[in-house]
Each structure stands twice: as structure tokens, then as C-alpha cells.
Amino acid sequence: MEEKKVNENESNLPKNFIKEIIDEHNKSGRFNNKVHTRFPPEPNGYLHIGHAKSICLNFGLAEEYKGKCNLRFDDTNPVKEDVEYVESIQTDIRWLGFDWEKRLYFASDYFEQFYEYALVLIRKGKAYVDSLSADEIREYRGTPTEPGKESPYRNRSVEENLELFEKMKNGEFKDGEHILRAKIDMSSPNMNLRDPAVYRIRNTSHHRTGDKWCIYPMYDFAHGFSDSIEGITHSVCTLEFENHRPLYDWFLDEVEAPHHPQQIEFARLNLSFTVMSKRKLLQLVNENIVDGWDDPRMPTISAYRRRGYTPESIRNFAEEVGVAKRNGVIDVGRLEYAIRDHLNKIANRVMAVINPVKLVIINYPENVVEELEAINNPEDETAGKRKIPFSKELFIEQTDFMEDPPRKFFRLSPGKEVRLRYAYIIKCEDVIKDDDGNIKEIHCTYDPETKSGMSNSNRKVKGTIHWVSAQHAIEAEVRLYDRLFNSEDPTGDKKKDFLEFINPDSLEIKTDCKLEPSLADAKAGDKFQFERNGYFCVDTRYSKPGKPVFNRTVTLRDTWAKMQNK
RNA sequence: UGUCCUGUGGUGUAAUUGGCAACACGUCUGACUCUGGAUCAGAAGAGUCCAGGUUCGAGCCCUGGCGGGACAACCA
């Protein structure tokens, strides 16, 4: 047999258009076969799953091509930014499993250098101080289909521009009084080239540079230079910056920057049933529609972490959805698939009853407790086994019993048999109700010959249900989370606000759940599969010793529920 | 009535650069099962936005349409 040889420098991951561009660069030697990327968040909010895609892309590319990836905060707008965010962002990236090593940078570290570049432009006659108001500038800019017109201040002398810019820097003006603009082309069909703003006056202190500056550079000016200074080869960003690329290149060319990176744009992640814009997420937080940035219903990385998602699942998801330039929407079901897939392999199984109803085995002796053996994870032998107590009185799931069952109902109903997982086959003999007709207890008999593992325990029954011994059960609160929106595209309806699509049932709190006793010492963040229910984790905020709170990460695939929906 | 980007099963990505459209999720069968989970076996589903052209041969190339997206912050 001929062995397939895999080139060590070539990964087995699928190619995307960015890797193809990199391959071409490597072939032509444009960047000396180096790959150096960066993830450049603005510290003005929490990272969400869309950022996760970008993080996986940038760090992933670096890893794959044996290059490096920097973390750089794009902190050029002090009025919106905050140190709280620079902390959370680092936490989230580390949690995802990426390492920027010593390369933690801030655009604000380069303010001095940026200022020098601005002077170069002014001296070349490529930038000027404009004294129009913001409103006037907008009017002069024209529209996408009409050319703009030049500012009356456009032809100030270099000397005057230098002097004015100096005064801007020295804090001699109020916000908005003047602005430094690049002198390009007011009639360019690309709006970004119509004399874009370069430096604006902000008499605001910056979270890192304090009061040293009262002028701050704009994104387009600062970003390319930051990339250049750091030796970035491939500056990967989202599609909306496509029209900015000519400007990115213009700045670098005009100051004759020694290193000129390649900007590459890809389609940002859109998820169905989800809103992703920072503004809208902030609104959900501010209006207390959710319980903070890390509310498990949010699409933020911190929320997914709290909800029980694993870094691996998010990275797999990012790899699976791929990278392209076409805008599309990914089905949230894919994210849910990714976390089920991972948790299936690593989460220990456990029995927990979320909506309990009492079940009494009338022919089982009082005061007897059996210790039954249960498998922790059928997908992982090394997870071992544990003991579960069994006794006369149990709790089972309300939904596992029906007085009047439909066809194909494999669970318990009067006169029918079912297996209690890891225990016996039981038969429903009687149903005890209160005066209002609510089921209080279900009475069953058990067959002692059918204990799990016994030689003649192989009798076939249609269903197996989970249970918890009543006297041994520990009580817990369980939070059942569902999608935050009940519309596939909450922002797609122009006539309705996205808040009208909030799913009123996105959180259901169950307070009298009964769990098997092994869960007594579960710690915050621990993840389990509640058999036949879903994956759950111990909440990191509300769970207290002796008063545990579990979050539902995701349900199990449920073909029974699917059948019922038809 | 501009510029740039983009159109491939329901969804998302591929197609060794011109050679029978593949993979994943989803959907549907069936098997297995002490989780209606997982697993296994299989199926349906696109002829690649449209119309021309080049070619023995086009999802890939050319021409012209049509659809979708982005751009008018002193945000990033």
C-alpha cells in the first residue's frame, strides 16, 4: 500500500480564500514567507460569538502557518472605551485557548508615532485643518451618488496647517472647533476618499494616556499604521471595511511606511435567532431584559462560558462554519450541535428530575436501600462508575407518565411496564390524585428478577426512565434557558423593533428539582448530562454550597418532542 | 440613479484552477440501544441567479442583464 505523504508545512484543514491569498504571498515571497496577524478589538464592550470567529481565524492562521498573532486594543476613542472591557476581553480570549504571549499592544502606545505621520502628511500638502462644523462637513461630503464639494479651508498653507494642528494638540480649541483631514478627492465615488477625518479634538482623558492628548486619531488613520508598526502581514477584518482598503493603502503609501500589510476582508458571523450588534446587546443589558453581559441567553463569550459551553466547542464551530466573503446566516442549531457533540464525549451522566412526581413501589420493602451501580460516561470508559441509592419511594419526571398515552408513548402509563434506569422493571398499578384531580403519587410494583445486570434481566420493555430516590434526593434550582428571540431574524423586520421578538419563555426557573446525591459536591462550572434531559452546568454566580443552581446548556436531541410537534 | 463586494441543495462551506458538483448541519428511512441520547447503515434534496458567447467540454473564462450586501460618524 502506498502511504499518502502529508507535507508537514501544509495543514489538513480545508482551504479558504484567505489561506489561498497567503499561499500566493508565500509563493511570491511578498512577506518573506511570514504570517503575522492580529486581533484588534476596541475595548468598548464584551466580546461575542462573532468576535470568537475572528479570534479563531486570526490566531488559527498564525498557528497553522507557524506565525504569530498579536492582541491589540484599538483604543483611539476615549469617550467610548473603558478598562473594564480590556480586562474582560483578555479573559475571554485566554479562555478560548489562545495566547498572544508577550504581544499585548495598544494603539494608544503609538500616539506619538501617529502624530509624526500626521505632520508628514501636512508637510506634503496631503492633510489640512478644516474649520467647518461637523454638520457642514457632512453637507459638503455629498452622497453616494453625488460628488461632494471642497471645504473653503482646504487650501490653507502648510505653515498655517502646521500652526493650527499644533494648537489643536496643545488644547487651545474646544471639541469640534477644528479637525485634521486628509486631502484626497471630494468627488471620489468612494465616500471614504472624500477628505476623510484624520484627527479630531477630544478634551477627554484616555484610560491609558490620561490627559496627555486632546487630539485622537481616527480608525482609518490609526489602524494601518498600527499594523505596519507591528509588522502585521495580513490584516484580516470584516466586509464593511472593504471600501476602506483604498484609504488604508493611501495612508501607508503617502507616508512611505517601511512595511505595508495586506488588508483582507471576510464575512462576519451572523446567527439565526440572535442579535449580534454591540449597541443592541448593550440595550438588552441596560434595559434589564437580560441579567447582565454574561446572562446565559446572551451571545457573548462570557455568557456561553457561564451557560456551560466549552472553548473546544466554540472553536470547532468556528472551524465548521468556514470563512468566505459572502454574507449569510448560520443556523444556531449548528452551535448547539457543536456543544452537544463535545459534551457528549466529556460530560458525566447523572440522574436528575426537573419536574418531579412521587412514585411508590408498593411491593418493595420499607427501610431498604440498595446501592446500584451506574456508568458515568458510556463514551469514556475512564470516567468509571458510581453508586446510586434506590428505595421504595422515588421521584420521576412528570412528563414520563401519562394516564392517556398516545400511540408510540414508550414511557409509563396505567397497566404498562417501564424500566427504571440501572434498577428494575416496574408496572404502574394505580394513580393517586388530590381533590382537584392532580396526580399526587403513582403506585407501581416491581419485578425483583429484573434488576440491572441480573442474568434474567433482559426482558424487553419499550422505555427506560430516570428517577431519584426520594429520601436521598438533593434539592436544586434548575434554570431552563431557551433562545432569547422567537424570530429567526429579530432585526429583519423594518416595521418592528427587535425587542418585540423577545421569547417570553427564554428562561424558566425550576425550584424543586430532585437530583441524585452524587451531585452534592458539584462545583461551580462543573458540567453534566442529566440523562434524557440535556447538558447542565453549575452556575458560577447564583449557586451556593447546599443550594445549587444549574444552568441548562442545551437539551439533548429529542426525537420524541419532534414527533409530537408534527 | 455612483463605487466596491457577492450570488453553488433548506443552511454553511468545497470542487486539485476548464473534466461526471463534494462535505458538514438539517430532513427522512432502517438497525442497535437499560438515555426516544450516542452509534451504525441508507435515502431524498442543487445541475451552480438569468441570457448569450468561447470550448470536444464551463460552477470556474468572456459579454450583457438580474438579485443581495456595504458606503453619506469628528465610531470602530
Side-chain angles (χ1 to χ4, degrees), chain A residues 14-16 20 40-42 44 74-77 79-81 130 132-134 137-139 141-148 175-181 187-194 196-202 215-216 218-220 222-223 237-246 265 267 272 278 320-331 333-338 340-341 344-345 349 351 374-375 378-379 408-411 418-423 425 450 452-453 457-458 460-466 529-535 555-563:
Chain A
K15 281 271 183 273
N16 58 48
E20 246 144 54
E42 184 190 16
N44 70 342
D74 217 335
D75 55 348
T76 55
N77 185 4
V79 308
K80 287 190 171 179
E81 295 153 9
D130 198 351
L132 254 25
S133 71
I137 287 179
R138 190 179 337 111
E139 280 170 37
R141 185 154 29 233
T143 70
T145 52
E146 298 164 287
D175 287 11
E177 233 177 299
H178 302 282
I179 188 165
L180 186 73
R181 293 228 255 167
S187 63
S188 170
N190 182 343
M191 299 285 292
N192 297 116
L193 265 21
R194 322 245 259 228
V198 169
Y199 261 98
R200 76 294 214 184
I201 300 169
R202 285 282 178 277
I215 54 172
Y216 292 93
M218 301 292 292
Y219 166 86
D220 287 305
H223 202 86
C237 63
T238 45
L239 248 30
E240 67 269 27
F241 293 102
E242 216 155 19
N243 293 342
H244 294 238
R245 183 161 16 105
E265 311 85 11
S272 63
K278 275 190 193 173
E320 284 286 305
V321 300
V323 184
K325 295 196 74 160
R326 130 177 58 158
N327 262 315
V329 183
I330 308 287
D331 191 336
R334 278 181 161 251
L335 220 208
E336 295 168 354
Y337 171 85
R340 275 192 200 106
D341 189 46
N344 176 48
K345 291 168 189 143
R349 273 61 169 171
M351 293 206 280
I375 294 164
E379 306 290 322
K408 296 209 171 177
F409 183 77
F410 298 159
R411 283 110 102 146
V418 82
R419 170 169 295 280
L420 292 174
R421 173 129 243 229
Y422 296 122
I425 291 174
T450 59
S452 282
S457 72
N458 296 328
K460 294 289 180 216
V461 281
K462 279 197 197 118
T464 297
I465 65 174
H466 60 278
Q529 184 196 101
F530 288 2
E531 290 211 34
R532 304 205 312 129
N533 260 315
Y535 295 97
T555 60
L556 247 33
R557 252 184 91 216
D558 189 346
T559 49
W560 168 240
K562 204 185 290 173
M563 281 168 68

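Below, read A as the first sequence line, B as the second, and so on, with proteins coming before strands; counting in each chain starts at 1. Here the structure is a predicted model, which is why all the values come from computation and not from measurement.
In terms of the side chain to side chain contact (heavy atoms under 4.5 Å, CB included) criterion, residue partners of A267(A) (sequence neighbours excluded) are, by chain and number, L239(A), N327(A). Residues passing the side chain to side chain donor-acceptor pair (under 3.5 Å) test with D331(A), sequence neighbours excluded: none. E242(A) meets the side chain to side chain donor-acceptor pair (under 3.5 Å) test with K325(A); sequence neighbours excluded. Listed by chain and number, the residues in a side chain to side chain donor-acceptor pair (under 3.5 Å) with N243(A) amount to none (sequence neighbours excluded). In this structure, the ring-ring contact (aromatic ring centres under 6.0 Å, His included) partners of Y219(A), at least two apart in sequence or on a different chain, are H223(A), F241(A). A search for side chain to side chain donor-acceptor pair (under 3.5 Å) contacts involving D558(A) returns nothing, not counting sequence neighbours. L556(A) is linked by a side chain to side chain contact (heavy atoms under 4.5 Å, CB included) to Q529(A), Y535(A), counting only residues two or more places apart in sequence or in another chain. With sequence neighbours excluded, the residues that form a side chain to side chain contact (heavy atoms under 4.5 Å, CB included) with T145(A) are T143(A). By the side chain to side chain contact (heavy atoms under 4.5 Å, CB included) test, E177(A) is found to be paired with F173(A), K174(A), residues two or more places apart in sequence or in another chain being considered.
Between I465(A) and L420(A) there is a side-chain heavy-atom pair separated by less than 4.5 Å. In this structure, L132(A) and R138(A) have side chains that are not in contact, with every pair of non-hydrogen atoms separated by 4.5 Å or more.
For the pair R334(A) CZ and U11(B) C1', the interatomic distance rounds to 7 Å; values are reported in whole Å. As a whole-Å value, the separation of L556(A) CG from U39(B) P is 11 Å. Nucleotide G36(B) holds its P atom 15 Å from the CZ atom of R340(A), rounded to whole Å. Across the protein-nucleic acid pair, N533(A) atom CG and G37(B) atom P stand 14 Å apart, rounded to whole Å. Atom CG in L335(A) sits roughly 19 Å away from atom P in U11(B) (whole-Å rounding). One interatomic measurement links the two molecules: OH of Y337(A) to C1' of U39(B), which rounds to 12 Å at whole-angstrom precision. Across the protein-nucleic acid pair, Q529(A) atom CD and A38(B) atom P stand 10 Å apart, rounded to whole Å.
In this structure, E265(A) pairs ionically with R245(A), as a charged nitrogen and a carboxylate oxygen lie closer than 4.0 Å.
A donor-acceptor contact under 3.5 Å links the side chain of R411(A) to the base of G36(B). Residue-to-nucleotide contacts include no donor-acceptor pair under 3.5 Å from the side chain of E379(A) to the base of U39(B).
Among the heavy atoms of the strands, none lies under 4.0 Å from R245(A). Nucleic acid contact for A423(A): base, since at least one base atom lies under 4.0 Å from a heavy atom of the residue. Within the nucleic acid shown, K562(A) comes within 4.0 Å of sugar-phosphate atoms alone, with no base atom in reach, counting heavy atoms only. V461(A) comes within 4.0 angstrom of nothing in the nucleic acid, heavy atoms only. Here F410(A) lies in heavy-atom contact (under 4.0 Å) with a base. Across all strands shown, Y199(A) has no heavy atoms under 4.0 Å from either base or sugar-phosphate atoms. Within the 4.0 angstrom heavy-atom criterion, base atoms lie near F409(A). Contacts of E265(A) with the nucleic acid, taken as non-hydrogen atoms under 4.0 Å apart, are absent. Within the nucleic acid shown, R557(A) comes within 4.0 Å of sugar-phosphate atoms alone, with no base atom in reach, counting heavy atoms only. Here P246(A) lies out of heavy-atom contact (under 4.0 Å) with every strand.
Base-pairing analysis of RNA chain B finds the following stems of at least three consecutive Watson-Crick or G-U pairs, with both pairing distances under 3.5 Å: B:2-7 with B:66-71, B:10-13 with B:22-25, B:27-31 with B:39-43, B:49-53 with B:61-65.
Syn is the classification of A73(B), since its glycosidic angle stays within 90° of 0. With a glycosidic angle further than 90° from 0, U27(B) counts as anti. G37(B) has its base anti relative to the sugar, with a glycosidic angle deviating from 0 by more than 90°.
Judged by distance alone, the side chain of R200(A) and the main-chain N or O of D175(A) form no donor-acceptor pair under 3.5 Å. Judged purely by atom type and a 3.5 angstrom limit, T238(A) has no side-chain atom pairing as donor or acceptor with the backbone of E240(A).
The heavy-atom pair separating R181(A) from V198(A) by the smallest distance is C-CG2, 4.0 Å.
The separation of C62(B) from U6(B), taken at their P atoms, amounts to 13 Å, rounded to a whole angstrom. Nucleotides A73(B) and G45(B), compared at atom C1', are 46 Å apart to the nearest Å. For the P atoms, the distance from C56(B) to U39(B) is 50 Å, rounded to whole Å. Here the separation of C61(B) from G19(B), taken at their C1' atoms, is 15 Å to the nearest Å. The C1' atoms of G26(B) and G12(B) are separated by 11 Å, rounded to the nearest whole Å. Of the C1' atoms belonging to G53(B) and A46(B), the separation is 25 Å, rounded to the nearest Å. Straight-line distance between the P atoms of U13(B) and A31(B): roughly 36 Å, to the nearest whole Å. Distance noted for atom P between A44(B) and A24(B): 15 Å (whole Å).
Here the nucleotide nearest the side chain of M563(A), chosen from C25(B), U33(B), G36(B), is G36(B). Of the candidate nucleotides G36(B), G37(B), U33(B), G37(B) has the atom lying nearest to any side-chain atom of N344(A).
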Along nucleotides 13-19 of chain B, 5' to 3', which nucleotides get a B, which get an S, and which get a -, given that the test is a protein heavy-atom distance under 4.0 Å? SS--B--
Given protein heavy atoms under 4.0 Å, the one-letter contact record of nucleotides 64-76 of chain B, with B base, S sugar-phosphate only and - none, is simply -----SBSBSBSB
